[in-house]
There are 4 protein chains.
Amino acid sequence: MQSRSPAASRPGRPRSAAADTAILAATRAALVELGWSKLTLGDVATRAGVAKTTLYRRWSGKNELVVDAVAELFDELELPDRGSLAADIEGVVLQFAAILARPEARSGLMAVVAESTRDDALRERIRESIVERQKGLVLAGRARAQSRGELPPETDPAEAARTADLIFDVVAGAVVHRALVSAEPVDAEWAQGFTQLLLGGLAASAST
Amino acid sequence: MQSRSPAASRPGRPRSAAADTAILAATRAALVELGWSKLTLGDVATRAGVAKTTLYRRWSGKNELVVDAVAELFDELELPDRGSLAADIEGVVLQFAAILARPEARSGLMAVVAESTRDDALRERIRESIVERQKGLVLAGRARAQSRGELPPETDPAEAARTADLIFDVVAGAVVHRALVSAEPVDAEWAQGFTQLLLGGLAASAST
Amino acid sequence: MQSRSPAASRPGRPRSAAADTAILAATRAALVELGWSKLTLGDVATRAGVAKTTLYRRWSGKNELVVDAVAELFDELELPDRGSLAADIEGVVLQFAAILARPEARSGLMAVVAESTRDDALRERIRESIVERQKGLVLAGRARAQSRGELPPETDPAEAARTADLIFDVVAGAVVHRALVSAEPVDAEWAQGFTQLLLGGLAASAST
Amino acid sequence: MQSRSPAASRPGRPRSAAADTAILAATRAALVELGWSKLTLGDVATRAGVAKTTLYRRWSGKNELVVDAVAELFDELELPDRGSLAADIEGVVLQFAAILARPEARSGLMAVVAESTRDDALRERIRESIVERQKGLVLAGRARAQSRGELPPETDPAEAARTADLIFDVVAGAVVHRALVSAEPVDAEWAQGFTQLLLGGLAASAST
DNA sequence: CGATAATCGAGACGGTACGTCGAGTCTTCAC
DNA sequence: GTGAAGACTCGACGTACCGTCTCGATTATCG
């Protein structure tokens, strides 16, 4: 969502706050029913009870709108303390999978990622509103595991960042691939097997 | 590409084989220049020197066409014998990354995956022409490692299949995520770190 | 229909005579069902059980085909001897009206006339195969009336031709206009009133 | 042209009045250059500097558009007082012929008449916007002749209507047939001969 | 309190691409 | 060489959305 200058209080009629909410909700509803490619902004506007003009005043196009609509779904991601690193990872994997099981996320997320391969601004927008939140969980999880003594503290910051990136790509990539490409369920059993593989790999890598 | 009834020689003028080739090549060229969302079938037809009707006679829409066009890119995937399991994995990862580095693959692949979340026939088509080929490499790699003695032979077939699926999702997912979402290079260094993680995890998992 | 050179007996398989008949009949059937603008040559070929190639070998296009198909309808026009000039005229008017009442004539005739306003070859073709036959009836009718003594013999040939043309335009024009534009029935009553007007006018003009 | 509900000022952007004018003018220009059958709505839109959708919002198809475009040509028909019934008739005949001499009228008029043989709504539209205007001239001409004393006043209204219809079909039919089918000029000489025939016939009929 | 100004719903606007259909041609094989 | 069959190029069709615009009607702040 684009913030307007300092905002403060400008002259003229202020923008309806309800409109934003209604538009994003309508976008998700349309994604569920129609999917990304058949979603039209005119239809979203109608569903939201809003004129097309109003929608275009706030978002510059379909991609931006869908990123914002999908990003809100990821707000629920958090890192509950389940007592052990393995349990924490499994929990996050299942949370992530639960979001990907929702049709508005499945269709919307991959589509904007596809678009982002040719639009750097869009990629940055996705990174900010979706990817960074996930990455934060990886960092938080590691910190918590270190405080528990499950993982040794970092020595080389660069190496630490590289490892976090790797873990992040592996976790997010594997879950997305399982859910969307292989189209197999990401259930507790799979999460356990995956976590075992990941932690085993981390331990082995760390000892090198 | 749809195979027509076996019908050796049916009546009427046969379809031009050259047209198929030209259309797929034109599709890839258009993907490079325009990306998936701005690619139009009319433009593809023009580039291929073919009428729009000819294109529609062979493919039912943009998605089907792009799947076939992108699938051909994956024909070059193979499993060269590099002497060790680690080297084999690194090789495949780099091959896969090389394909994903091509703009026609980046834009096209994710877009059809996104579409496939709402179209089972499309998903099946993607699975047949793209995914299965990759999965075959996982199986072949494991078999070769076993023949080298790097991995123990399978005991439980179901467990073996489950593991292969997991490895496949991890490898393909991680590479795709690194390349397209994180937008970081998949180079030899990354491949090495990833392979280390994966093999470590496999060893740890196997010993359980 | 285009005649091929001297014909005689050329090499190769001779053209099927049945095809011509079938095609023209199919054309009229299609005119009845679809009208001129929705008639397609592919459909005509299918109805006639003939390949499009065969059709195009004989006619150069829709206009030419329809002219020939409609022209056959006018073959039934003749000048029965009803005993008096007035009765003869009424008879011809009703015969002409009967043809115009058939949907294949209504739709086809006016359409080719419209096309002929921009295509001299087509206009000539219409004149030859349709209009001249009608004009002949005017001339024959006058000759018979003169032989009966109802009309005086011609003195000035140029004047005679001019009068015949005028009568022809008035008769054909009025009947067509009544039937197709005004869309009112051309019945015995109307024919009688029209004939009265025409003969009265002729008598008055002759005495000038 | 379709009138929209009386709705003084409906919400939303009002339709551009200039667009209607431009479209009809472009239609006539295209008729002159291309004729009815080669006229395309896309081309008309381009000539008018208007989008195809704008055109389709106002007219439902080629026929309706051409009727309106041609109808405007007949706006210039009027009944100038030339002092006598014969002169009035000759004047109208020549005016009518002048319109039919214009290529946009020749090609367009007959084509829509042909189409109207299978489309009652179209026929009604033609009647309203073209034919009735001509018929009015017949009625006005008769009234004027009666006020001059050239024709006796009506006694039987039904008979009067029947006669007016007959005259109308004869005049319009003969002129159209002469101009478009016979493709001979409708000049002063022909108009005089035709008028003589018509008035003579009327006189003879009236005395019965 | 009235002027000013940005907002709102509504819907017409110029465009672009769609997917289909028909025209007329060409290519194959059977007769 | 004619025949049916059907693929071919081409171009128009009528529709759907895009993103912009022009309306009249609100709804706020500021003078």
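As the structure is a computational prediction, the values presented were derived from the model and not from experiment. Numbers restart at 1 for each chain; the letters A, B, ... are given by sequence-line order, proteins then strands.
Comparing atom distances between the B:Arg57 side chain and each of E:dA12, F:dC8, F:dC23 picks out F:dC8 as nearest.
Looking at D:Thr27, its side chain never comes within 3.5 Å of a backbone N or O of D:Val66 through a donor-acceptor pair. Without hydrogens or angle criteria, B:Ser129 side chain to B:Arg125 main chain gives a donor-acceptor distance under 3.5 Å.
Within the 4.5 Å cutoff, the side chain of D:Arg118 has no heavy atoms near those of the C:Leu34 side chain. Between D:Ile23 and D:Trp59 there is a side-chain heavy-atom pair separated by less than 4.5 Å. Two residues are said to be in side-chain contact when any heavy atoms from C-beta on lie closer than 4.5 Å; C:Glu64 and C:Asp68 fail this criterion. A heavy-atom distance below 4.5 Å is not found between the side chains of D:Trp36 and C:Thr117.
Among the heavy atoms of the strands lying under 4.0 Å from C:Thr54 are primed sugar atoms or P, OP1, OP2 only; no base atom is included.
Remark on DNA chain E: of its neighbouring residues D:Ser16 and C:Gly61, the 5'-side contact belongs to D:Ser16, judged by nearest-heavy-atom nucleotide. When the nearest nucleotides of DNA chain E are assigned to D:Gly12 and B:Gly12 by heavy-atom distance, the more 5′-ward of the two goes with D:Gly12. Residue whose closest nucleotide on DNA chain F sits further toward the 5' end, between B:Ala19 and C:Ala17: C:Ala17.
Between the C1' atom of E:dG24 and the CG atom of C:Leu65 lies a distance of 14 Å, rounded to the nearest Å. Straight-line distance from the CZ atom of D:Arg15 to the P atom of E:dA12: 5 Å, rounded to whole Å. Per the geometry, CZ belonging to C:Arg47 stands 17 Å off P belonging to F:dA4, to the nearest Å. Regarding D:Leu55, its CG atom lies at a distance of 14 Å from the C1' atom of F:dA12, rounded to whole Å. In this structure, the CG atom of C:Asp20 is 13 Å from the P atom of F:dT2, given to the nearest Å. We find that CD of C:Glu64 is positioned 13 Å from C1' of E:dG24, with the value rounded to whole Å.
Ion pairing between a basic and an acidic side chain is recognised when a charged N comes within 4.0 Å of a carboxylate O; B:Arg28 and B:Glu72 show such pairing.
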Identify each atom pair where a protein N or O and an N or O of nucleotides 15-18 of chain E are less than 3.5 Å apart, giving names and distance.
unit_1: E:dG15; atom_1: O6; unit_2: D:Thr53; atom_2: OG1; d: 3.4
unit_1: E:dC18; atom_1: OP1; unit_2: B:Leu41; atom_2: N; d: 2.9
unit_1: E:dC18; atom_1: OP2; unit_2: B:Leu41; atom_2: N; d: 3.3
unit_1: E:dC18; atom_1: OP2; unit_2: B:Gly42; atom_2: N; d: 3.2

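Contact between the side-chain N/O atoms of C:Arg58 and the OP1/OP2 oxygens of F:dG3 is found at a separation under 4.0 Å.
Side-chain atoms of D:Arg13 come within donor-acceptor range of the base of F:dC21, with a qualifying N/O pair under 3.5 Å.
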